[in-house]
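Each remark here refers to the structure printed beneath this line.
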Amino acid sequence: MEDENFTNVGQTETLDPDLQKKHLSMLERLSNRNQNRLDNSLTRRSESESSSSPSFESTSSFFSRFSDLKCSIESQLVDSRTVSLDPTQLKSYFEKISASISDLEKLVAENSYFLPSYDVRSSLKTVSDLKQSLENLNSELIPKKKFSFKNKANRKESVVAEVKEPPVSNCNNALPEKMRFMVPDSPGFRSKVGQVLVESFRGSEVGEFTISDLDSCEVRIIGRLRALFVHRLKNCRVYVGPVMGSVLIEEVEECIFVMASHQIRIHSAKRSDFYLRVRSRPIIEDTSSVRFASYCLTYEGIEEDLRDANLDDETGNWANVDDFKWLRAIQSPNWSILPENERVRIVDISTRESRNEKRNPPNKSFLQGLILCPLGA
Amino acid sequence: MGLLSIIRKIKRKEKEMRILMVGLDNSGKTTIVLKINGEDTSVISPTLGFNIKTITYQKYTLNIWDVGGQKTIRSYWRNYFEQTDGLVWVVDSSDLRRLDDCKMELDNLLKEERLSGASLLILANKQDIKGALTPEEIGKVLNLEAMDKTRHWKIVGCSAYTGEGLLEGFDWLVQDIASRIYMLD
């Protein structure tokens, strides 16, 4: 029979269509047989290798086997374009490749206990790359009609997965997190509306202090703090004695702050005024329509507190604002210096006479004016 | 393994270590670097960009890259990942509200392939502030126990203000890097 085939090969040059067809089918058969042989030898080799692997605990012997297998799989992948056009044949061909890829994966897994972690990772990466390219070839070479049907099914699945996944992961993340750790409540003013909140730390050592979720409140803090966190304030006035560490202000709107600190960071603030004394340059980020002026707070004994906090010198840094959202040489449009004639003069928060001395009315009317005509607009 | 031995030889000659300091803004990265170097820490502005300090520590030369932690510039951290031997993650232990942010940013960082070989020192800073969480508590919040088993890491409580804990942390970091790169020659 083989002789016959060979004579047929010789006759193809006569361009007889019948013979040509025969010739093609013969070539196909031959290449399939060759491929089968290769596949068989490959599986045989990988079998013998995986069984013998425990005896060769060396990275280099692993790598030589690994790269052999990898090369043969790669060449099979390349060959798949020329093997056959028949979908069923292609399918079984791809299945074989897939099997040898999982053999490769098994080889990595079996040797992972002595391989350096980087090698394990890179080997697994190679495996997943091979899988990916097989997948790609699969979707490319197997006829489209069949595939579009598959696609639909896939899409449905993915939608379901999308809907399903977030709540699951949320539960997983949120629940154990909270159960694992209860954050203790630090000293502070929280969740108040329309109140005057007063705290005096004179003579007592205080750590961090938090002011958060206030609406239309006035906050007066007398004495020194180590750190101050301000979060989510609306329409508030905040007067604070010297802070020896840093102040972090986030998400405030239409507020007035009078504070002295070594460092001040302002994030996501809108339409607010800051009367500051800072040893370093204050910074703003994601902030707009804010204005700056110099510190103007007083209470009985503030001089001493300022001195102890190393904040008795006016550095003038209140005007040297860095805008992290405006990294250019020209002035940022997000902040400006508060004009002298619009500034509050002195705010006295001394415990006794503060009531009558307060400049609340001017602050209020000033704020309204600010809202009506925001600066830099 | 030829390349590795060449790298080892070069590094041995220079005895250099590249250390990357990152963490949220206001965690005290710059203050820590200045404190270690014995410099004045009373006037430090939030870092716009980065600072590099070269410090001789024991018999090694540390190149410390202190990169700003403001949200806007965190996306630039990646530019400093290459060839990092040691990673220092600084946490403001008194900033309870942003610990979630802190955990998220750290998790993202540790996914980075280029940092996979770096030793990780977590500094639970501001321990001097009343109300700050202890290093153990910070470790729990950051879920450090769940970290990749191949990572060399340690958490140390410190105060950049008093200097406490800084040497302990850096001693561990330098020893750990040395034992990996120089095989403790």
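Throughout, protein chains are lettered first and strands after them, A, B, ... in sequence-line order, and every chain is numbered starting at 1. Since this is a predicted model, take the numbers as computed values, not measurements.
Top candidate by heavy-atom pairs under 4.5 Å with chain B, chosen from A:His231, A:Glu250, A:Lys325, A:Met244, is A:His231.
Residues A:Thr210 and B:Arg97 have side chains not in contact (no heavy-atom distance under 4.5 Å, counting atoms from C-beta outward). Here the side chains of A:His267 and B:Lys71 are not in contact, with every heavy-atom distance at 4.5 Å or above. At a threshold of 4.5 Å between non-hydrogen side-chain atoms, the residues B:Ile44 and A:Ser280 do not count as touching. Between A:Trp326 and B:Thr72, the closest side-chain pair of non-hydrogen atoms is not below 4.5 Å. Contact annotation: the side chain of B:Asp25 never approaches that of A:Phe324 to less than 4.5 Å [non-hydrogen atoms, C-beta and beyond]. Put simply, the side chain of B:Ser45 does not reach to within 4.5 Å of the side chain of A:Gln263, judged on heavy atoms.
Using a 4.5 Å cut-off between heavy atoms, A:Arg281 contacts chain B through both its backbone and its side chain. For a residue to count as touching a neighbouring chain, one of its non-hydrogen atoms must lie under 4.5 Å from one of that chain's; by this rule B:Thr31 does not touch chain A. For B:Thr47, the part lying under 4.5 angstrom from a heavy atom of chain A is the backbone only.
Taking CZ of A:Arg121 as the start and OG1 of B:Thr150 as the end, the distance is 6.0 Å to the nearest 0.5 Å. Rounding to the nearest 0.5 Å gives a distance of 7.5 Å between CD1 of B:Ile73 and CD of A:Glu285. Here the CD-CD1 distance, from B:Gln70 to A:Ile284, works out to 11.0 Å after rounding to the nearest 0.5 Å. Rounding to the nearest 0.5 angstrom, the gap separating the OG atom in A:Ser246 from the CD1 atom in B:Ile129 is 7.0 Å.
Around atom CD of B:Glu39, more than 12 heavy atoms belonging to other residues, nucleotides or ligands sit under 6.0 Å away. Counting non-hydrogen atoms of neighbouring residues, nucleotides and ligands closer than 6.0 angstrom, the CZ atom of B:Arg78 reaches no more than 12 such neighbours.
Using a 4.0 Å cut-off between a side-chain N of Lys or Arg and a carboxylate O of Asp or Glu, A:Glu208 and B:Lys126 do not qualify as a salt bridge.
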Audit row: B:Lys130, A:Arg226, side chain to side chain contact (heavy atoms under 4.5 Å, CB included) steps and yes/no: CA-CA 8 Å; B:Lys130 210 165 137 189; A:Arg226 282 300 313 280; over 6 Å; no
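Just one of A:Ile264, A:Asp322, A:Ile283 meets the side chain to side chain contact (heavy atoms under 4.5 Å, CB included) condition when paired with B:Pro46; it is A:Ile283.
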